[in-house]
Amino acid sequence: VQLQASGGGLVQAGGSLRLSCAASRRTFSSAFMGWFRQAPGKEREFVSGIRWGTGTTYYGDSVKGRFTISRDNAKNMVYLQMNSLKPEDTAVYYCALRRSGYATDPNDYDYWGQGTQVTVSS
């Protein structure tokens with residue numbers, strides 16, 4: 001499975017962006033799609049995830065209430081709506097796919113997209 005992330009950009013604090021992740025083919029219903037981010041000098045951090053089959057969603061503490069993850073099974077797409085952005089949200093954002101089950105450790109994911117840069121100015 002190939003993943004293609006897009007939608008990053010430069011936005012002012014308080015603004016919004018919508019990231020998209022396209023999967024090259026249909027995934028199994030047991031699969032789990034995650035969004036991660038990595039800022040310079042920091043470890044890759046779990047942002048949000050969604051179970052492909054049930055649509056159950058998960059969020060990291062730093063983004064709860066501001067970010068919303070969703071999926072479109074027919075299009076093999078996952079989205080991350082990011083609202084009320086803060087300068088500390090600045091990072092490269094990656095989408096990743098795990099064959100089965102919820103996980104927050106990036107080492108547990110099987111496929112990765114190329115990343116898209118999000119920069120939030122103060």
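Positions are given from 1 along the sequence.
- Ion pairing of Asp89 with Lys86 is absent here, as no side-chain N (NZ or NE/NH1/NH2) approaches a carboxylate O to less than 4.0 Å.
- For the pair Ser6/Leu19, no side-chain contact is recorded, criterion being any heavy-atom separation below 4.5 Å from C-beta on.
- Contact annotation: the side chain of Trp35 never approaches that of Phe46 to less than 4.5 Å [non-hydrogen atoms, C-beta and beyond].
- Closest approach of Gly101 and Arg51 over heavy atoms only: CA-NH1, 3.9 Å.
- The shortest non-hydrogen separation linking Tyr111 to Leu3 is O-CD1, 3.6 Å.
- Just one of Thr119, Thr116, Leu85, Leu10 meets the side-chain contact (heavy atoms from CB on, under 4.5 Å) condition when paired with Leu17; it is Leu85.
- Checked against a 6.0 Å centroid threshold, the rings of Phe36 and Tyr109 count as neighbours.
- For the pair Arg18 and Tyr79, the cation sits on the ring face: its NZ or CZ lies under 6.0 Å from the ring centre, inside 45° of the axis.
- The two residues Thr90 and Ala39 make their nearest non-hydrogen contact at O-CB, 3.7 Å.
- In this structure, Pro106 and Glu45 have side chains that are not in contact, with every pair of non-hydrogen atoms separated by 4.5 Å or more.
- The two atoms that bring Asn107 and Asp105 nearest to each other are N-OD1, 2.9 Å, heavy atoms only.
- The neighbour count for Gln2 CD, taken as heavy atoms of other residues, nucleotides or ligands under 6.0 Å away, does not exceed 12.
- Counting heavy atoms from C-beta outward, Val47 and Tyr59 have side chains that stay 4.5 Å or more apart.
- Here the side chains of Met82 and Val118 are in contact, with some heavy-atom distance below 4.5 Å.
- Met33 is listed as a side-chain neighbour of Cys21, based on a closest heavy-atom distance under 4.5 Å.
- Annotation: side chain of Tyr94 is in contact with side chain of Arg44 (closest heavy-atom distance under 4.5 Å).
- Put simply, the side chain of Ser20 reaches to within 4.5 Å of the side chain of Met77, judged on heavy atoms.
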